[in-house]
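Heavy-atom basis, side chains included; hydrogens, waters and symmetry copies ignored.
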Amino acid sequence: MKYKGEIIAIIVIAVFVGLFLYENAIIQQQGAEEAWGGADSRAAEIIESEGYEPWYSPIWEPPSGEIETLFFSLQAAIGAVIIGYFFGYWRGIQKAQKQ
């Protein structure tokens, strides 16, 4: 079978999309306010509710939530470029070996 890997990848992606949609439907039915809120803020709330006091303060904090989101998006974009580069490099090596 020529496209076995591609078919498996499509099936895996379809399963993940199905699980995401199913989970989203359950969360929407429960009526949670911040259904897809950040895990970091939830973890910080839980930790602070237990009386934890940070032993240091950050050197710099972003001036607004939008700037913080910008940096997070930039970090994700850089990661995607790095992953894409290595997939392209790997594919190029395979293509060169076939020739």
Side-chain angles (χ1 to χ4, degrees):
M1 180 173 246
K2 188 175 180 181
Y3 298 107
K4 185 178 179 182
E6 287 85 358
I7 292 171
I8 291 172
I10 290 170
I11 291 171
V12 169
I13 290 170
V15 167
F16 277 113
V17 168
L19 288 173
F20 173 78
L21 293 174
Y22 177 73
E23 183 76 19
N24 188 31
I26 290 174
I27 290 173
Q28 294 299 325
Q29 285 179 351
Q30 292 174 350
E33 261 184 43
E34 293 185 25
W36 295 103
D40 291 343
S41 61
R42 287 188 185 172
E45 289 174 7
I46 292 171
I47 291 171
E48 289 174 359
S49 69
E50 293 180 0
Y52 174 78
E53 293 181 19
W55 53 274
Y56 74 97
S57 61
I59 297 172
W60 179 77
E61 288 189 27
S64 68
E66 290 82 12
I67 300 295
E68 188 174 348
T69 302
L70 172 72
F71 285 132
F72 184 77
S73 300
L74 186 63
Q75 176 187 0
I78 290 170
V81 167
I82 290 171
I83 291 171
Y85 172 78
F86 282 109
F87 272 113
Y89 182 76
W90 174 70
R91 190 168 174 102
I93 288 175
Q94 283 190 337
K95 190 174 182 179
Q97 288 176 347
K98 286 182 181 178
Q99 292 177 355

Asker: If you round to the nearest 0.5 Å, how far is OH of Tyr22 from CD1 of Ile26?
Answerer: 3.5 Å
Asker: Within this structure, what is the CD-CD distance for the pair Glu45 and Glu50, rounded to the nearest 0.5 Å?
Answerer: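 If we round to the nearest 0.5 Å, Glu45:CD and Glu50:CD are 12.5 Å apart.
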Asker: Holding to side chain to side chain contact (heavy atoms under 4.5 Å, CB included), I want the full list of residues that pass it with Lys4, two or more places apart in sequence or in another chain.
Answerer: Met1, Ile8
Asker: Considering residues at least two apart in sequence or located in another chain, which fulfil the side chain to side chain contact (heavy atoms under 4.5 Å, CB included) criterion with Ile78?
Answerer: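 Partners of Ile78 by the side chain to side chain contact (heavy atoms under 4.5 Å, CB included) criterion, ordered by chain and then number, come out as Leu74, Ile82.
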Asker: Atom OH of Tyr85 and atom OH of Tyr89: how far apart are they, to the nearest 0.5 Å?
Answerer: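 Interatomic distance, Tyr85 OH to Tyr89 OH, rounded to 0.5 Å: 6.5 Å.
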Asker: Taking Val15 as the fixed residue, which of Ile13, Leu19, Val17, Val12 is the one that meets the side chain to side chain contact (heavy atoms under 4.5 Å, CB included) rule?
Answerer: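 Checked Ile13, Leu19, Val17, Val12 against Val15; only one passes side chain to side chain contact (heavy atoms under 4.5 Å, CB included): Leu19.
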Asker: Return each pair, listed once, that meets side chain to side chain donor-acceptor pair (under 3.5 Å) where at least one residue sits in residues 54-79; pairs must be two or more places apart or across chains.
Answerer: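 Sorted result for residues 54-79: Ser64-Glu66.
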